[in-house]
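Everything below concerns the one structure shown next.
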Amino acid sequence: MNFCTEKTDLLCENVTVGENGHLYFAGLDTAFLAEKYGTPLYLMDEDRIRNRCRTYIDAVTEAFGDKGLVLYASKAASFKRIYEIMAEEGMGIDVVSSGEICTALKAGFDIQNAFFHSNNKTDADIKYAIENGIGYFVVDNAEELYAINDIAGGMGISQKVLLRITPGIDPHTFAAVSTGKVDSKFGSAIETGQAKEIVGTALSLENVHLSGFHCHIGSQVFEADVYLKAAEAMLGFIKDMKDAYGYTTEIFDIGGGFGVRYVESHGEVDIAGNIAQIASYVKAKTDELGIEMPTISFEPGRSIVADSGMTLYTAGTVKKIPGFINYVSVDGGMTDNVRFAMYGSPYTLFAANKMEEERNMLCSVVGRCCESGDIIQEKVPLPESVCRGDIIACLTTGAYNYSMASNYNRIPRPPVVMLKDGDSYVAVRRETLEDLTGLDV
Ligand SMILES: *Cc1c(COP(=O)(O)O)cnc(C)c1O
């Protein structure tokens, strides 16, 4: 993977420290935002999101001309405003449920530009998606293919589909975010012959049109050679399908997964550089194999929104257990950020109103839920003076935080506030106690 060389210890260029010693995000004082909107609070930097979209689109256009597509994997952060931004930036989207489709529709997103993933779409999902004119299904397995064929047939249409293929690549990231290995729950494997078989099935069915193939090897990938290996396996497969069935692939979706910088030791991935590298490999390989160049799509999620996000908390109980550990408790926790509890994910945290103080105390920043595992991060250096009322900022929370939020312990989910041109606006309002009990009959 190519990395950018310029780094700041505040991780991303939209994170700075103001003259008042406060942490600033997208040019705004986080202490002021915490005061204005309350905590816990999700912030999102709209310009950074747009900038990431443009980086991808420019790189893909440069590399593939009009045979390139960029799809935002919207499970990373899914709410109406995000889909509006994606539409404005000319991005396609990935969706994985009727809920995400519905949200995109309410945002006015043209669902023709949506790709419907998931390893287990229900019949209701399939029907809902077709009724609303979904662009493509990314079909996981043969059973699903038959279900789509039946439902599409019943509605008198021919549905465009890609097949999810498991190329047998291990990206060496955390097991729970690795998806391209042969024993994955996702897709049909080349190695077992099931991939070839499902292509034959797709070509034989009347109510589906096979548009191409998809693979996704995992997330938080920092090595470009993993994509080259996946491309090698997939292009070889595409060639085999041409030989076996005379089938010409229209679209090859190479997946998402570019890594982002959660902590200083992570590199910042050079998105454009890596896309250029993948493109030259794909071009050379298609020539070598004597196959037509398909449309190539990328589907980044995390790298579009992660460093556009920041979460603000207010510190509560500070507990120092001499000789053991220090705890700083915040007013959120695993309900708004489950990623440490789930994957042991690293994060960078600061006392946002004390940026000029020495960070001389190591502590666990923990949430307010009744779980010992309710930890935002361990071994966080914070100033020793940290106390009740201080603002604690957790950086790089734009991906898989709001979208994974829960109401465990009946804790309302925080609002999402967008930052744009030195101003802020609410994109998702704070959940209220009324909202929480609203479904109880
Ligand atoms: C989650 C997912 C992505 C996006 O992964 P990121 O790591 O967020 O870039 C892309 N494609 C598929 C199929 C996914 O499941």
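Both backbone and side-chain heavy atoms feed into the values below; hydrogens, waters and symmetry mates do not. All residue numbers refer to positions in the sequence shown, counting from 1. Both ligands and their constituent atoms are indexed starting at 1 by order of listing.
In terms of polar-atom proximity, Gln220 is not counted as a contact of ligand 1, lacking any N or O under 3.5 Å from an N or O of the ligand. Note: no N/O pair closer than 3.5 Å links Ala73 and ligand 1 by distance alone. By the 3.5 Å distance cut-off applied to N or O atoms, Arg164 is not counted among the residues near ligand 1. Any N or O atom pair closer than 3.5 Å counts here, and Pro300 shares no such pair with ligand 1. Residue-to-ligand polar distances keep His214 apart from ligand 1: every N/O pair is separated by 3.5 Å or more. Polar contact check, Arg302 against ligand 1: a nitrogen or oxygen pair lies under 3.5 Å apart.
Proximity of the aromatic rings of His117 and Phe186 is defined here by a centroid distance below 6.0 angstrom, and this criterion is not met. Here Phe298 and Tyr56 keep their ring centres 6.0 angstrom or further from each other.
Annotation for ligand 1: atoms under 4.0 Å from non-hydrogen atoms of Ser219 are 5 (O), 6 (P), 7 (O). Every atom of ligand 1 with a heavy atom of His117 under 4.0 Å away is listed here by number and element: 13 (C). Taking every non-hydrogen atom of Gly257 and a distance limit under 4.0 Å, the qualifying atoms of ligand 1 come out as 5 (O), 6 (P), 7 (O), 9 (O). Counting atoms of ligand 1 from 1 in the listed order, those under 4.0 Å from a heavy atom of Gly301 are 4 (C), 6 (P), 8 (O), 9 (O). Of all atoms in ligand 1, numbered sequentially from 1 with element shown, those under 4.0 Å from a heavy atom of Tyr400 are 1 (C), 4 (C), 5 (O), 6 (P), 8 (O).
Proximity of Ile49 to Ile82: side-chain heavy atoms (C-beta onward) are separated by under 4.5 Å at one or more points. Pro294 has its side chain within reach of Thr286: a pair of non-hydrogen atoms, C-beta onward, lies under 4.5 Å apart. Looking only at side-chain heavy atoms (C-beta outward), Phe258 and Tyr227 come within less than 4.5 Å of each other.
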Dump the intermediate steps for salt bridge (Lys or Arg N to Asp or Glu O under 4.0 Å) on Lys229 and Asp225, then the final yes or no.
-> CA-CA 6 Å; Lys229 278 190 201 138; Asp225 68 326; 3.7 Å; yes

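Between the side chains of Tyr313 and Asn337, not a single donor N or O lies within less than 3.5 Å of an accepting N or O. For the residue pair Ser98 / Asp125, a side-chain donor-acceptor distance below 3.5 Å is found, with atom types taken as modelled.
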